[in-house]
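Below: the structure, in C-alpha cells.
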Amino acid sequence: MFATGSHHLRSELQVNDNDRKTFLRVFQLCDEGDKGYLSREDLKVAVVMLFGYKPSKLEVDSMLSSFMINSPGITSDSFLKMMALKKAAQLSFGNQREIFSVFDVHCRGFLTLEDFKRAFRQVAPHLSERTVVEAFREVDQDSDGLVSYKDFEFVLNYGEDGE
C-alpha cells in the first residue's frame with residue numbers, strides 16, 4: 001500500500017564525493033595501526049563519529065557478516081558501501097517521519113481514524129470510506145484505535161525485503 005522505494009538502495013546506491021571523502025577520512029582515523037581494515041571496535045568508533053550513536057551488538061554483527069568476506073576486518077571499499085547504505089537508510093527514515101508528520105496534523109504522535117480519513121481524502125479521494133477504514137485497521141497493529149509512528153513505519157517497510 002505504501003512504498004518508499006528503499007528496497008532498491010543496494011543496486012542504485014551512489015556515493016557523492018563529499019560523503020566519500022568523509023567516509024574515507026573516518027576510516028583512516030579509526031584504522032588503529034594502519035592495518036588497512038577496521039576491527040569490530042574500530043567499526044563501532046566509526047559509526048559513533050559518522051552517525052552520533054553507538055551501534056548495538058546486533059547491528060555490528062549484521063554489518064560484519066554482510067561485509068567481512070575473506071578479510072580479518074572491514075576494508076575501505078566495504079566500509080564506503082556500508083556507510084552509504086546507512087546514510088541512505090537514515091534518509092529513508094527521515095522521509096517516513098515526514099509522511100507521518102503530514103498525516104499527524106495535530107502533532108500528537110499518533111493518528112486517529114479521522115486523521116487517516118482526512119489524509120486519504122487529500123491523497124486518494126477516490127477511495128471509499130470503507131477502504132480507508134479497512135486500511136486504518138490494517139495499520140493499527142495493536143487495535144487500540146490509534147496508529148502510532150511504529151505502526152505506520154511497520155506498514156511502510158512491510159514487504160520491502162521480500163519484493
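Bear in mind the structure is a predicted one, so any value in this text is a computation, not a measurement.
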query: What residues, two or more places apart in sequence or in another chain, satisfy side chain to side chain donor-acceptor pair (under 3.5 Å) together with Arg25?
result: none
task: Any side chain to side chain donor-acceptor pair (under 3.5 Å) involving residues 99-109? Give me the pairs, sequence neighbours left out, ordered by first then second residue.
output: Arg108-Asp115
statement: Residue pairs meeting side chain to side chain donor-acceptor pair (under 3.5 Å), one or both in residues 132-142, sequence neighbours left out, come to Arg130-Glu134
A side-chain contact here means heavy atoms from C-beta on lying under 4.5 Å apart; do [X] and [Y] qualify?
X: Phe79; Y: Leu43; value: yes
X: Ile74; Y: Met63; value: no
X: Gln28; Y: Asp34; value: no

Enter the distance from [X]:[atom1] to [Y]:[atom2] here, rounded to the nearest 0.5 Å.
X: Lys117; Y: Leu113; atom1: NZ; atom2: CG; answer: 4.5 Å
X: Lys57; Y: Arg40; atom1: NZ; atom2: CZ; answer: 5.0 Å
X: Leu80; Y: Phe27; atom1: CG; atom2: CZ; answer: 9.0 Å
X: Leu50; Y: Cys30; atom1: CG; atom2: SG; answer: 7.5 Å
X: Leu38; Y: Lys44; atom1: CG; atom2: NZ; answer: 13.0 Å
X: Met82; Y: Lys86; atom1: CE; atom2: NZ; answer: 9.5 Å

- prompt: Heavy-atom count around Lys54 NZ within 6.0 Å, excluding the residue itself: above 12?
  reply: no
- request: Identify the two heavy atoms, one from Gly36 and one from Asp31, that lie closest to each other, and give their separation to 0.1 Å.
  value: N-OD2, 2.8 Å
task: Would you please indicate yes or no on a ring centroid separation below 6.0 angstrom for Phe116 and Phe120?
output: yes
Residues Asp19, Thr22; criterion side chain to side chain donor-acceptor pair (under 3.5 Å); working and verdict: CA-CA 5 Å; Asp19 286 345; Thr22 302; 5.3 Å; no
- request: List the steps and the verdict of side-chain contact (heavy atoms from CB on, under 4.5 Å) for Leu111 and Phe100.
  value: CA-CA 9 Å; Leu111 305 175; Phe100 184 82; 3.7 Å; yes
